[in-house]
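In this text, all values refer to a predicted model and were calculated from it rather than measured experimentally. Values below: every heavy atom of this structure, side chains too, minus hydrogens, waters and symmetry copies. When a ligand or atom number is given, it counts from 1 through the structure's own listing order.
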Amino acid sequence: MTESIVKPGLEGVFAGETSICAVRPEEGKLIYRGYDLHLLAEAVSFEEVAYLLLYHKLPNQSELESFDQQLKSYRDLPPALLETLRSLPSHGPAMDTLRAATTILALYDPDLEDDSPEANLRKSMRLLARLTTLVTAQHRISQGIEVISPNPKLNHAANFLYMLRGNSPEELEVRVLDITFILYAEHEFNASTFTARVVASTLSDLYGAVTGALAALKGPLHGGANEKAMEVLLEIGDPDHAEAWVLNALKEKRRIMGFGHRIYKKVDSRVELAKKWGKKLAEKEKNTRWHEICTIVEDVIRREKNLFPNVDFYTAPLYYLMGIPIKLYTPLFACSRVVGWSAHVIEQKQKNRLFRPNSLYIGPEGLDYLPLAKRNPP
Ligand code: ACO
């Protein structure tokens with residue numbers, strides 16, 4: 001009976017409807033509001049994808065300009081929040097500071113308690129604009145260096161690199177980062193998005209939903225995998241060591257982060273693009289070592305375990321080549337996925353039904369009560 005009604009991890013369960021995104025594992029396809037991801041990634045900017053996810057259509061020129069202007073106007077952080085960031089411990093995981101700061105950010109949002117679709121769109125845009133500022137500011141504070149304000153002339157991706165390093169990023173780097181933002185923007189009912197929808201279904205606010213989603217994203221089985229994947233690549237270090245490393249890891253039954261997926265069983269549709277742009281960057285930087293290691297690890301794991309890489313395995317070396325600190329890889333994922341989370345929160349609230357599944361009780365029943373003094377010591 002248990003096996004037939006309980007679905008651990010909700011595997012195979014359709015927990016709701018969405019018109020935001022479709023994962024088509026059989027065809028190796030990912031669709032954002034009707035558009036094939038590959039088509040979008042080669043042709044449009046992350047800002048256009050963000051608009052598409054939030055407003056259900058690709059923007060025309062003037063809509064994009066006004067969206068862009070709005071994002072730029074929201075990018076600065078409240079000065080008091082910067083002060084709070086300075087008072088936080090500098091050694092903690094960046095995802096934890098980001099989660100704490102997002103909760104605090106809510107208190108500065110004039111629309112916090114307004115649950116109308118219009119207010120939720122404004123909050124979504126503020127969060128989208130500010131997460132990159134938060135991540136870079138918090139990183140620079142933790143390094144004891146001056147925080148760099150957003151540059152109103154730069155887009156989402158370029159601003160991230162500019163605020164992180166303090167100089168103008170190169171064109172190819174910006175394009176590649178922009179592509180990874182597009183790849184990470186949305187992925188239907190993954191763990192973090194589902195968390196956001198569960199929070200939203202209680203009619204709690206958008207910031208609360210995003211805070212919950214950030215907590216879910218941090219885990220190494222989800223967004224945290226891109227940081228762990230880079231640690232694996234560094235541990236291998238050299239293409240000549242890659243095959244032996246994998247064989248040994250599999251022998252020790254290690255879970256190799258950046259491999260496998262609950263929905264995709266043959267190919268993760270995002271990998272091809274991450275690989276392609278990562279190779280371009282590696283060739284430009286004249287450093288193909290990580291790409292070579294990735295290729296060998298991928299081949300050996302496919303041969304030995306019939307497992308394939310997911311997007312995190314190929315974004316990790318790409319961020320490494322850009323000189324982005326490893327502890328920022330998962331926060332960087334959040335800087336993009338926040339738009340998907342927001343779109344889902346808005347969709348959930350439009351046709352809400354509280355998430356409240358059942359559990360199958362498997363504990364004891366009918367136990368006798370003993371007064372405290374008569375219970376056995378531990
Ligand atoms: N390394 C080694 N073995 C693996 C891996 C892996 N990364 N992933 C799955 N397996 C093996 C399991 O050990 C298990 O083998 P067994 O049947 O011999 O015991 C089998 O594959 C099935 O594993 P499950 O955990 O049941 O598969 P599930 O579909 O639930 O897992 C998950 C999906 C959690 C993503 C898993 O593949 C994993 O842990 N991957 C590593 C973490 C990771 O990369 N996460 C990022 C996902 S993508 C994203 O969030 C953007």
> Side chains of Gln69 and Glu65: donor-acceptor distance under 3.5 Å anywhere?
Replying inline: no
>> If only side-chain N and O atoms count, and only distance matters, is there a donor-acceptor pair under 3.5 Å linking Asp76 with Thr133?
In response: no
Enumerate the atoms of ligand 1 whose separation from the nearest heavy atom of [X] is less than 4.0 angstrom.
| X | answer |
| --- | --- |
| Arg254 | 2 (C) |
| Arg262 | 28 (P), 29 (O), 30 (O), 33 (C) |
| Gly258 | 43 (C), 44 (O) |
| Ala225 | 43 (C), 44 (O), 45 (N), 46 (C) |
| Phe333 | 51 (C) |

Looking at [atom], would you say a protein heavy atom lies below 4.0 Å from it?
| atom | result |
| --- | --- |
| atom 10 (N) of ligand 1 | yes |
| atom 49 (C) of ligand 1 | yes |
| atom 19 (O) of ligand 1 | no |

Of the protein's non-hydrogen atoms, which lies at the shortest distance from [atom], and what is that distance?
| atom | answer |
| --- | --- |
| atom 40 (N) of ligand 1 | Phe259 O, 2.8 Å |
| atom 16 (P) of ligand 1 | Lys305 NZ, 4.3 Å |
| atom 42 (C) of ligand 1 | Met257 SD, 3.3 Å |
| atom 29 (O) of ligand 1 | Lys265 NZ, 3.1 Å |
| atom 3 (N) of ligand 1 | Leu307 CD1, 3.5 Å |
| atom 45 (N) of ligand 1 | Leu221 O, 2.8 Å |
| atom 51 (C) of ligand 1 | Asp312 OD2, 3.5 Å |

>> Side chains of Pro169 and Arg165, heavy atoms from C-beta outward: is any pair under 4.5 Å?
In response: yes
>> Taking the side chain as everything from C-beta on, heavy atoms only, tell me whether Arg353 gets closer than 4.5 Å to Ser201.
In response: no
>> Between ligand 1 and Gly9, can you find any atom pair, the residue atom being a heavy atom, that is separated by under 4.0 Å?
In response: no
> Looking at ligand 1, does Arg337 have a heavy atom less than 4.0 Å from it?
Replying inline: no
>> Test your reading of the structure: does Arg270 have an N or O sitting under 3.5 Å from an N or O of ligand 1?
In response: no
> Do any N/O atoms on Ile256 end up under 3.5 angstrom from N/O atoms on ligand 1?
Replying inline: yes
Evaluate the ring planes of [X] and [Y], with Trp represented by its six-membered ring, and classify them as parallel (under 30°), tilted (30 to 60°) or perpendicular (over 60°).
| X | Y | answer |
| --- | --- | --- |
| His261 | Tyr264 | tilted |
| Tyr319 | Tyr184 | tilted |
| Phe46 | Phe181 | tilted |

> Given the side-chain rings of Tyr320 and Tyr329, with only the six-membered ring counted for Trp, is the space between their centroids under 6.0 Å?
Replying inline: no
>> Centroid separation under 6.0 Å, is that true for the rings of Phe308 and Phe259?
In response: no
> Taking non-hydrogen atoms only, is Ala191 closer than 4.0 angstrom to ligand 1 via side chain, backbone, both or neither?
Replying inline: neither
>> Under the criterion salt bridge (charged side-chain N to carboxylate O under 4.0 Å, His left out), I'd like the reasoning laid out for Asp299 against Arg302: C-alpha separation, chi angles, the key distance, then a yes or no.
In response: CA-CA 5 Å; Asp299 289 347; Arg302 201 182 289 273; 5.4 Å; no
>> Can you check which of Lys228, Arg255, His187 brings a heavy atom nearest to atom 24 (P) of ligand 1?
In response: Arg255
> How many angstroms lie between CD in Glu42 and CG in Leu37, if you round to the nearest 0.5 Å?
Replying inline: 9.5 Å
>> When you measure from the centre of the six-membered ring of Tyr74, is the NZ or CZ of Arg126 closer than 6.0 Å and no more than 45° off the axis?
In response: yes
> Would His38 and Glu272 count as a side-chain contact (heavy atoms from CB on, under 4.5 Å) if you check the C-alpha gap in whole Å, the side-chain angles of each, and the deciding distance to 0.1 Å?
Replying inline: CA-CA 9 Å; His38 284 245; Glu272 188 188 325; 3.7 Å; yes
